[in-house]
Amino acid sequence: MTPARTLGDAPPGAVPAVAPRRALRTVHVLLVVAAVAYAGLPLEVLTGFPLDPVTSYLSEHAARGQAWRGLFVTADALAGLAVATAGATLLGARAAALPAAPDGPRRWAVVLAVALVVAGAATVVDVLSPMACAPSADAWCASAEAARTLGAQHTVHEVSSSLVSLALVAACVAALALVRGARGDSLSRVVRHALAPLVVLATSAVVGTIAVASTLGADAPPVGLWQRAQTLAACATFVVLVPLLRAARVARRAGRP
């Protein structure tokens, strides 16, 4: 009996086989759990918006001294573990194997899986290295942050948060690269599912620009709403990622001569 091939076993030029359905279902469930836990905004609604959503970062809710810190820390930890596990499952099973250019899917499938692992792991680091205080709600904290005097742990949090954003951008780019060139009756479904990662890329560019401008001391618009839009788009991407890959595979098969 010939064992099923994985993406890594596919010969050059061949269409790689998709991982077992059970692995894809596991990845999908994990990413849906992550989406629910990572959203942040619903928790803000439930807790009555302890911080101004226009000016604050979501991670400020997990800063030391915040009333609802435990709730937001638990949600972030759950999301991080779920995303990292989903990425590891995807990497181990090669579940992102899709018909594409002969040498294309292997690289992008690995990039997608690794990016999810990095995003999840960096989110856990965020939880373990919380902000020292909430700059949007504390003038002293804002001044100390600008002066870089809040300590190493605060700096680690800033670095890990940036890494989460970069990893999510990489995951979205990889997912879009895997579905590039899809054709057939399923193309419209691919396009609908692709909207979420496109929004992640757009909002990440805005949030990154605002963050750089603020760091350089330039006038910049409040980052809060943009960051919440970025986070919600990332959650939507988690939900549609596996359906996107499945739809793209069907569309590519239908479009082959």
Pairwise distance CG(Asp52) to CD(Glu44) - rounded to 0.5 angstrom: 9.5 Å
Distance, nearest 0.5 Å, that separates CG of Leu90 from CG of Leu24: 7.5 Å
Sub-4.5 Å side-chain heavy-atom contact between Leu51 and Tyr57: no
Residue pair Asp126, Ser160: steps toward the side-chain hydrogen bond (donor to acceptor under 3.5 Å, both in side chains) verdict: CA-CA 6 Å; Asp126 261 2; Ser160 60; 2.3 Å; yes
Aromatic ring pairing Phe238/Tyr38, orientation class (parallel under 30°, perpendicular over 60°, tilted between): tilted
Check: Thr155 and Arg148 side chains under 4.5 Å, non-hydrogen atoms: yes
Co-membership, hydrophobic cluster, residues Trp108 and Leu31, 4.5 Å side-chain: yes
Nearest heavy-atom neighbours spanning Val54 and Pro222: O-CB, 3.1 Å
Cluster check Leu241, Leu198: I/L/V/M/F/W/Y, side chain < 4.5 angstrom: yes
same_hphob_cluster(Phe72, Leu46) at 4.5 Å side-chain heavy-atom cutoff: yes
Gap between atom CD of Glu60 and atom OG1 of Thr55 - 0.5 Å precision: 7.0 Å
Shared hydrophobic cluster, Leu168 / Val173 (ILVMFWY, side-chain heavy atoms < 4.5 Å): yes
Side-chain heavy-atom pair Cys133, Leu150 within 4.5 angstrom cut-off: yes
Shortest non-hydrogen contact from Val83 toward Leu116: CG1-O, 3.2 Å
Inter-residue atom distance Arg22.CZ - Thr89.OG1, 0.5 Å rounding: 13.0 Å
Inter-residue atom distance Gln230.CD - Thr237.OG1, 0.5 Å rounding: 10.5 Å
Thr203 side chain vs Val200 backbone, donor-acceptor pair below 3.5 Å: yes
Non-hydrogen atoms of Leu244 and Ala175 that approach each other most closely: CD2-CB, 4.3 Å
Heavy-atom donor-acceptor pair, Thr149 side chain to Ala144 backbone, under 3.5 Å: yes
Heavy-atom pair with the smallest gap, counting every atom of Ala115 and Ala171: CB-N, 3.6 Å
Which atom of Val118 lies closest to which atom of Ala167, heavy atoms considered: CG1-CB, 3.9 Å
Shared hydrophobic cluster, Val45 / Leu232 (ILVMFWY, side-chain heavy atoms < 4.5 Å): yes
Arg228-Ser56 side chain donor-acceptor pair, cut-off 3.5 Å: yes
Ser129/Gln153 under side-chain hydrogen bond (donor to acceptor under 3.5 Å, both in side chains): CA gap, chis, key distance, verdict: CA-CA 6 Å; Ser129 303; Gln153 188 167 292; 5.1 Å; no
Residue pair His61 / Pro50: nearest heavy atoms and the distance that separates them: CE1-CD, 3.8 Å
Any side-chain heavy-atom pair of His154 and Glu145 under 4.5 Å: yes
Point-to-point distance, once rounded to the nearest 0.5 Å, from CG of Leu41 to CG of Leu58: 7.5 Å
Passing option when Trp226 is tested against Val207, Thr231, Thr209 for side chain to side chain contact (heavy atoms under 4.5 Å, CB included): Val207
